[in-house]
Amino acid sequence: MASSRDRQRKLARAKLDRQLARRAAAAKRRRQIQAGVGAAVVLALIVAGSAWALGAFDSEPKKQAAEDTCLWTPQDATANTNLKDVSTPATTGLPTSGTRAMTITTNQGGPITADLDLAAAPCGAASISFLAGKSFYDNTKCHEITTEGALRCGDPSGSGIGGPTYSFYDENVPTAPEASPSASPAPAQAPAYPKGTVAMIGNPPGSNGSQFLIFFKDFNPAKPAYTVVGKVTGGLDVVDKLGALPTVDNGSGAKVKPKTDVVIQSLTVGEPNAAPAATSAPAASPSAG
């Protein structure tokens, strides 16, 4: 039979084992809590660092750069002395809806008025508007009456290769006429460039600057190549008159130069108009001269 002292020792040993077990469990809990807190701190630091890098703590929010509406390609005036440097239009903040009224007064009567289409040809309209504000077109000649049925204007040098010291790409070129799937003629289609159309013309093609065409008759090429920038709204009778002028050799063997000088005395462009571009046919108005 175990003595009283042995029983006391066993009880004391059991008590110590229980205490050691409780301490081990408590230590394990502390380690788990510390690990959880540490992970939370690390995560919070990562989130805060990312937010700081993205500018969340900036005193003023960063503004996103405005996207360019138009891109203007520099042209070398030393390589082409027919170019005239008047700087370049803005690239952002340009109107892209509605119309702007263009008014042309010539020495052969007028005025000729047209609506520039800001939605379909924002860059062409922006270029003409910018150059008009610089008086770029004033006292310049419409140097050609084209075989396509258009008056060609906007080159201060009158050479056909003049313009500003920048260019821009085509943006509103009509699609080519659809071919008939059968041997029978295709149904009548609207011309790509109806009478009264105002279009940009570049040299080389696709490199537009200041030169433009005003069509005095319908033109429907197999492969359209001109950016449509607007349409005549008044003075179409003046355009008819100019288109009927006799022509002479332009010095390069082409009989396209007006025998009588056609001088743009002034070309102005009004402020943007929120109204959509007119869809009706260009209208004629009485000649002032």
Side-chain angles (χ1 to χ4, degrees), residues 82 84 99-117 124-125 127-129 131-164 191 193-203 208-219 226-270 278 280-289:
N82 295 292
K84 183 179 179 181
T99 61
R100 295 185 80 159
M102 178 175 71
T103 303
I104 304 172
T105 302
T106 76
N107 64 329
Q108 299 294 327
I112 302 166
T113 60
D115 276 348
L116 302 179
D117 191 336
S127 180
I128 291 177
S129 301
L131 295 173
K134 299 287 185 178
S135 300
F136 187 91
Y137 294 108
D138 295 357
N139 301 309
T140 63
K141 295 179 182 179
C142 294
H143 65 281
E144 188 174 317
I145 298 174
T146 74
T147 56
E148 300 165 342
L151 189 68
R152 182 172 180 173
C153 312
D155 179 357
S157 72
S159 65
I161 58 174
Y193 302 96
K195 179 178 180 177
T197 296
V198 181
M200 305 303 300
I201 179 170
N203 192 351
N208 302 295
S210 60
Q211 296 186 50
F212 60 90
L213 303 168
I214 303 177
F215 285 88
F216 53 82
K217 66 179 183 180
D218 292 347
F219 178 52
Y226 307 130
T227 288
V228 175
V229 71
K231 62 176 61 178
V232 172
T233 56
L236 197 56
D237 57 328
V238 179
V239 177
D240 287 335
K241 173 185 173 182
L242 297 177
L245 290 174
T247 56
V248 296
D249 193 313
N250 65 355
S252 300
K255 193 177 178 181
V256 293
K257 180 181 178 180
K259 185 175 182 179
T260 303
D261 286 345
V262 178
V263 180
I264 294 178
Q265 296 172 327
S266 68
L267 187 156
T268 59
V269 177
S280 58
S285 66
S287 170

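Positions are given from 1, in the same order as the sequence printed here.
Of all the heavy atoms in Thr103 and Pro111, the pair that sits closest is CG2-CB, 3.8 Å. Closest non-hydrogen pair, Ala125 versus Val229, comes out as N-CG2, 3.6 Å.
Here Asn208 contributes atom CG and Ile128 contributes atom CD1; the two are 9.5 Å apart, rounded to the nearest 0.5 Å. One finds the CD1 atom of Ile145 at 11.5 Å from the OG1 atom of Thr147 (value rounded to the nearest 0.5 Å). Rounding to the nearest 0.5 angstrom, the gap separating the CD1 atom in Ile112 from the CD1 atom in Ile214 is 5.0 Å. Here Asp115 contributes atom CG and Thr233 contributes atom OG1; the two are 5.0 Å apart, rounded to the nearest 0.5 Å. Rounding to the nearest 0.5 angstrom, the gap separating the CE atom in Met102 from the NZ atom in Lys231 is 13.5 Å.
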Would you mind writing out the side-chain donor-acceptor pairs for residues 131-139 within the sub-3.5 Å range, not counting sequence neighbours?
unit_1: Tyr137; atom_1: OH; unit_2: Ser210; atom_2: O; d: 2.9
unit_1: Asp138; atom_1: OD1; unit_2: Leu267; atom_2: N; d: 3.1

Would Ile264 and Cys153 count as a side chain to side chain contact (heavy atoms under 4.5 Å, CB included) if you check the C-alpha gap in whole Å, the side-chain angles of each, and the deciding distance to 0.1 Å? CA-CA 8 Å; Ile264 294 178; Cys153 312; 3.9 Å; yes
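Listed by chain and number, the residues in a side-chain contact (heavy atoms from CB on, under 4.5 Å) with Ser129 are Arg100, Leu116, Val269 (sequence neighbours excluded). Remark: Asp240 pairs with Lys195 by the salt bridge (Lys or Arg N to Asp or Glu O under 4.0 Å) rule, at least two apart or across chains. In this structure, the side-chain contact (heavy atoms from CB on, under 4.5 Å) partners of Ile161, at least two apart in sequence or on a different chain, are Asn80, Asn82, Ser159, Asn203. Residues passing the side-chain contact (heavy atoms from CB on, under 4.5 Å) test with Tyr193, sequence neighbours excluded: Val173, Pro174, Thr197, Ala199, Phe215, Phe219, Pro221, Pro224, Tyr226, Val228.
Listed by first and then second residue, the salt bridge (charged side-chain N to carboxylate O under 4.0 Å, His left out) pairs that reach into residues 247-270 are Lys141-Asp261, sequence neighbours excluded. Under the salt bridge (charged side-chain N to carboxylate O under 4.0 Å, His left out) criterion, the residue pairs touching residues 142-157 are Glu144-Arg152, with sequence neighbours excluded.
Remark: the backbone N or O of Gly235 is not paired with any side-chain donor or acceptor of Thr113 at under 3.5 angstrom. A donor-acceptor contact shorter than 3.5 Å is absent between the side chain of Lys84 and the backbone of Pro156. Between the side chain of Gln211 and the main chain of Gly160, a donor-acceptor pair closer than 3.5 Å is present.
By the 4.5 Å heavy-atom criterion applied to side chains, Val239 and Leu151 are not counted as neighbours. Considering only heavy atoms from C-beta on, Leu242 stays 4.5 Å or farther from Cys142 through its side chain.
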